[in-house]
Amino acid sequence: MKKRVTKYVESAVKTVAAARGFSANDLPEIGVELPREKAFGDFSTNIAMQLARHWRDNPRRIGQDILAELEKESELSAVTIAGPGFINMTLNISLWHQRLKEIHGLQEDFGKLDYGADKRVLVEFVSANPTGPLHIGHGRGAAVGDVLARLLKRTGFIVDREYYVNDAGNQMQVLGRSLRWRYLELLEKRHGEIPEGYYRGEYLLDLARKLMAEQGRELVSPEVAEEDDTALDFFTSFAADSILGGIRNDLELFGVGFEYWTSEKEFFTSGKVDAALAELQTKKVLYEEEGATWFASSRFGDEKDRVVVRANGVKTYFASDIAYHRDKFARGYDLLVDIWGADHHGYVPRLSAAIEALGGKPDSFAAILVQLVSLSRGGTPVAMSTRSGEFITLEEVVREVGRDAARYFFLTRDSNSHLEFDLELAKSKNNDNPVYYAQYAHARICSILRKIEVEGLCDKAVDTFSGASLTLPEELDLIKKLDSLPDLLERAARTLEPHRLTYYLDDLATQLHSYYNRNRVISEEQEVSGDRLLLFATVRQVLAICLTLLGVSAPEKM
RNA sequence: GCCCCCAUAGCUCAGGUGGAUAGAGCACCGGAUUCCUAAUCCGGGUGCCGCGUGUUCGAGUCGCGCUGGGGGCACCA
């Protein structure tokens, strides 16, 4: 509807511009928005104030001219000028009724947009190192990434999800040593404090037990020195494979799946890292200094240059990441979205620099930084991580509060804000819990629809009603809220802000609950009942669309 | 020291490309069920939008400076 109104305004402004002798091509973008106060009408525009600057005239006088044009539009029932020069417009009520029918007719396709124009997007997220189980912070990244992917898909992008497995580098060596130490501990050949820098989590002890049960007690000589590499590769890959398997299970439990799992190691073994460096060499953005090879990222906005090959000849993580992102573009993606923990923010400029150096457009790469999650239980903070390496895992959280609540909670805040996750609140089955609020709205409507069905209260099909008896303000508000979904989805996709969905859902549920308490749907008046059923069926449909986008279930009974 | 993020009601937080009287939930108090699910609804009040300054018709929103909190500043990943 907004687009429709924008067209009216645009055409009116063009006419006025012509009459005043201004070019119709040189106009500011027409902004149409929902007025703050309902009393002002359905839509409003500040175009007269925008034009006042260019045309050097009083905004109210310009507004009068535009208003005169808009009044010729038969679909508008009222047009007024208010305040400093806002033009407020009210649509003919029958248009809203038509719109309701239209939305209902679209069924689950309502809100499928072509905004993305089939551009290919790769959303890379979680990508936790396979050195330990996922914790709650990874859960937030997983929820944000997965819902963003769903959102982009719905708004017309072609989307793939990817998990980048950091299975190369020092940390893998350390992981192998840590597991080997635990294994020897079980053989009573290691005692006391775990060596400095090793992974300390209990999960490695569990893995060592599993390893011993499956493979026996003679994998390595008990007398092996810590710095000795004997059998280390075996321990490393056993640990990495097991942990990665656990991560996959946790994500599956959380309802998150990936099209691709990409291995960092393969970028080294396949020569892609060398190829990427060679390309940078050709572009003359690499240089040697103090025995190392540097990428001149400061030429592309980074604060200083970065090492890609160390003096000892070993390539850095940054080097493989350049190769990785180069490869993403080579795979045909138009837009790369990476979701990282906020502690990686210093990394954004250098990777952007590399992408730019390789010829990528600046807006073809976006990094979403997800802030920390602090966990509490009934208001009391729960320690996230201690020196012993113990923390609350994602699996524990999902098992305790459920997938729906966990996913929903992770999306109740802008990624940029810290999130406090309270386990008791997420578990509670009362009105404190926003997840159930939205789901309950859905279940309530389903209950009415069931009642109609079972008792045969309505002998006509719901979609044969016109909606014409829906004239209460709260009925029109509901229709307007439904109508605004595509606009919301487009904005959420444009700004890469999936959390907007939970706010929309909460608003819609509030309106529904309020209406439900004030008005009866089923009554003796056939037309009124039918129209209200049409409204409710459509609200249900939109609730289900939003819940599904969040990866949260839409229960028919609660 | 430099860089990034945050700062809005008692608490947790929303606030579109700058627009009309800055919102919600929680907490607190009171009320609603002969009738479609009370996991619901209705009513009650609260703000130097951290401070200062600039830009302009207009700033919670944009610029600059400051204060406070978090994070980052590796030839780690």
Side-chain angles (χ1 to χ4, degrees), chain A residues 28-29 31 33-37 40 44 46 49-50 52-53 58-59 82-86 88 129 131 166 168-172 174 197 264 289-294 302-304 306-318 320-321 341-349 369 371-372 374 379 412-420 422 425 428-437 439-441 443-452 455 457 487-488 491 494-495 497 499-500 502-503 506-507 509-510 512-523 529 532-533 536 557-558:
Chain A
E29 199 182 334
E33 53 190 47
L34 306 178
R36 188 175 300 269
E37 293 291 328
F40 293 148
S44 85
N46 63 355
M49 288 179 281
Q50 301 276 348
R53 202 167 306 173
N58 182 314
F86 291 99
N88 295 322
N129 298 342
T131 55
N166 297 125
N170 291 339
Q171 51 170 359
M172 285 295 108
V174 174
E264 180 190 2
E289 195 174 292
E290 295 174 14
T293 307
W294 298 70
D302 195 9
E303 58 186 67
K304 59 180 183 179
R306 309 289 173 175
V307 170
V308 286
V309 185
R310 299 198 280 265
N312 64 9
V314 177
K315 295 168 193 92
T316 62
Y317 173 80
F318 181 43
S320 65
D321 221 19
D343 55 344
H344 287 69
H345 69 79
Y347 198 77
V348 179
L369 300 171
Q371 293 286 342
L372 283 174
S374 54
T412 55
R413 298 280 176 269
D414 183 347
S415 300
N416 261 329
S417 297
H418 287 240
L419 171 68
E420 194 175 324
D422 195 294
L425 179 60
S428 67
K429 300 208 167 182
N430 58 38
N431 53 0
D432 295 350
N433 192 331
V435 187
Y436 292 105
Y437 189 76
Q439 290 182 319
Y440 185 51
R444 264 188 154 171
I445 297 174
C446 289
S447 168
I448 294 182
L449 298 177
R450 264 196 309 274
K451 194 176 175 75
I452 298 305
E455 302 186 12
L457 295 175
D487 193 46
L488 170 98
R491 194 164 66 238
R494 188 180 64 238
T495 57
E497 291 175 342
H499 74 282
R500 291 175 180 280
T502 55
Y503 284 91
D506 202 63
D507 282 351
T510 300
L512 188 278
H513 286 309
S514 176
Y515 182 87
Y516 181 94
N517 276 275
R518 202 190 296 253
N519 304 287
R520 281 193 61 81
V521 174
I522 300 168
S523 71
S529 291
R532 288 180 176 179
L533 281 170
F536 267 48
K557 278 182 187 173
M558 286 176 77

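Just so it is clear, the structure is predicted and the values come from calculations on it, not from any experiment. Sequence lines set the chain letters: A, B, ... in the order given, protein chains first and strands last, and positions in each chain run from 1.
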Using the C1' atom on both, measure rG25(B) against rA9(B) and round to a whole Å. 12 Å

Residues forming a side-chain hydrogen bond (donor to acceptor under 3.5 Å, both in side chains) with Asp487(A), sequence neighbours excluded: Lys2(A)

Pairing string, 5' to 3', for RNA chain B - Watson-Crick or wobble contacts under 3.5 Å, brackets [ ] where pairs cross, | to another strand: (((((((..((((.....[...)))).(((((.......))))).....(((((..]....))))))))))))....

Let's test your reading of the model: under 3.5 Å, does the base of rG71(B) pair with the side chain of His345(A) as donor and acceptor? yes

Under 4.0 Å, heavy atoms only, any strand: does Gln371(A) hit a base, just the sugar-phosphate, or nothing? sugar-phosphate

Go nucleotide by nucleotide along RNA chain B from the 5' end; which of Asn88(A) and Thr495(A) gets its closest nucleotide reached first? Thr495(A)

Can you tell me, in whole Å, how much space there is between the P of rG15(B) and that of rC57(B)? 29 Å

Are any of His344(A)'s side-chain N or O atoms less than 4.0 Å away from OP1 or OP2 of rC73(B)? no

In Å, rounded to the nearest 0.5 Å, how long is the span from CG of Leu533(A) to CD1 of Ile448(A)? 7.5 Å

Using side-chain heavy atoms (C-beta onward) and a distance below 4.5 Å, is Ser44(A) in contact with Glu33(A)? yes

Just call it for Ser44(A): base, sugar-phosphate, or nothing, with non-hydrogen atoms closer than 4.0 Å on any strand. base

Looking across every strand, which nucleic acid part, if any, lies under 4.0 Å from Asp487(A) by heavy atom: base, sugar-phosphate, or nothing? base

Quick one: are Ile445(A) and Leu512(A) in side-chain contact, heavy atoms under 4.5 Å? yes

Just to be sure I understand the geometry, which residues of residues 308-316 of chain A put a non-hydrogen atom under 4.0 Å away from RNA chain B? Arg310(A), Ala311(A), Thr316(A)

In whole Å, I'd like the distance from the OH atom of Tyr317(A) to the P atom of rA74(B). 17 Å

Check whether any side-chain heavy atom of Cys446(A) sits under 4.5 Å from a side-chain heavy atom of Arg450(A), and report yes or no. yes

Under 3.5 Å, is there a donor on one side chain and an acceptor on the other for Ser529(A) and Ser523(A)? yes

How many Å lie between OH on Tyr436(A) and C1' on rG25(B), as a whole number? 18 Å

Taking only the P atom of each, what is the distance from rU55(B) to rC42(B) in whole angstrom? 46 Å

Expressed in angstrom and rounded to an integer, what is the separation of Tyr347(A) atom OH from rA74(B) atom P? 14 Å

Mapping Asp343(A) and Glu33(A) to their closest nucleotides on RNA chain B, which lands nearer the 5' end? Glu33(A)

Roughly how many Å is it from CG in Asp302(A) to P in rC4(B), rounded to a whole number? 12 Å

Between rG70(B) and rC76(B) - C1' atom distance, rounded Å: 22 Å

Polar atoms only, N or O, under 3.5 Å: list the protein pairs with nucleotides 33-37 of chain B and their distances.
residue	atom	partner	partner atom	Å
rC35(B)	O2'	Arg520(A)	NH1	2.8
rC35(B)	O2'	Arg520(A)	NH2	3.0
rC35(B)	O2	Arg520(A)	NH1	3.2
rC36(B)	O2	Ile522(A)	N	3.2
rC36(B)	N3	Val521(A)	N	2.9
rC36(B)	N4	Tyr516(A)	O	2.9
rC36(B)	N4	Asn519(A)	O	2.4
rU37(B)	OP1	Ser447(A)	OG	2.2
rU37(B)	OP2	Ser447(A)	OG	3.1
rU37(B)	O2'	Tyr440(A)	OH	2.2
rU37(B)	O2'	Arg444(A)	NE	3.1
rU37(B)	O4	Met558(A)	N	3.2

List the atom of Arg413(A), the atom of Tyr503(A), and the distance in Å for their closest heavy-atom pair. NH1-OH, 3.7 Å

Is any side-chain heavy atom of Phe536(A) less than 4.5 Å from a side-chain heavy atom of Val521(A)? yes

Ser417(A) side chain near rA14(B) phosphate (N/O to OP1/OP2, under 4.0 Å): yes

Taking the same atom, P, in rA59(B) and in rG71(B), what whole-Å distance lies between them? 35 Å

Within the 4.0 Å heavy-atom criterion, would you say Glu290(A) contacts the bases, only the backbone, or no part of the nucleic acid? base

CG/Leu369(A) to CG/Asp343(A) distance, rounded to the nearest 0.5 angstrom? 9.0 Å

Please state the C1' separation for the pair rU17(B) and rG58(B) - nearest whole angstrom. 16 Å

Assign the ring pair Tyr347(A) / Tyr317(A) to parallel, tilted or perpendicular, where the plane angle (0 to 90°) is split at 30° and 60°. tilted

What interatomic distance, in whole Å, is found between C1' of rU33(B) and the corresponding atom of rA38(B)? 7 Å

Sub-3.5 Å donor-acceptor pair from the side chain of Asn433(A) to the main-chain atoms of Leu425(A), do we have one? yes

Considering all heavy atoms of both residues, which atom of Asp302(A) and which atom of Arg306(A) are nearest to each other, and what is their separation? OD2-NE, 2.8 Å

With sequence neighbours excluded, residues passing ring-ring contact (aromatic ring centres under 6.0 Å, His included) with Phe40(A): none

Can a side chain N or O of Tyr437(A) be found less than 4.0 Å away from OP1 or OP2 on rC41(B)? yes

Expressed as a whole number of angstroms, how long is the span from Asn433(A):CG to rA24(B):C1'? 16 Å

Please round to the nearest 0.5 Å and tell me the distance separating atom OH of Tyr516(A) and atom CZ of Arg532(A). 13.0 Å

Without decimals, in angstroms, what is the distance between Arg413(A) CZ and rC26(B) P? 13 Å

Dump every N/O contact between nucleotides 57-59 of chain B and the protein below 3.5 Å, one line per pair.
residue	atom	partner	partner atom	Å
rC57(B)	N4	Arg53(A)	NH2	2.6
rG58(B)	O6	Arg53(A)	NH2	2.9

Under 4.0 angstrom, heavy atoms only, what part of the nucleic acid is Asn416(A) near: base, sugar-phosphate, or nothing? sugar-phosphate

Heavy-atom count check: over 12 atoms from other residues, nucleotides or ligands less than 6.0 Å from Glu289(A) CD? yes

When we call it a touch if two heavy atoms are under 4.0 Å apart, what does His513(A) touch: a base, just sugar-phosphate, or nothing? sugar-phosphate

Pick the C1' atom in rG18(B) and in rC28(B), then give their distance to the nearest Å. 37 Å

Using a 4.5 Å cut-off on heavy atoms from C-beta on, say whether the side chain of Glu264(A) contacts that of Ser320(A). yes

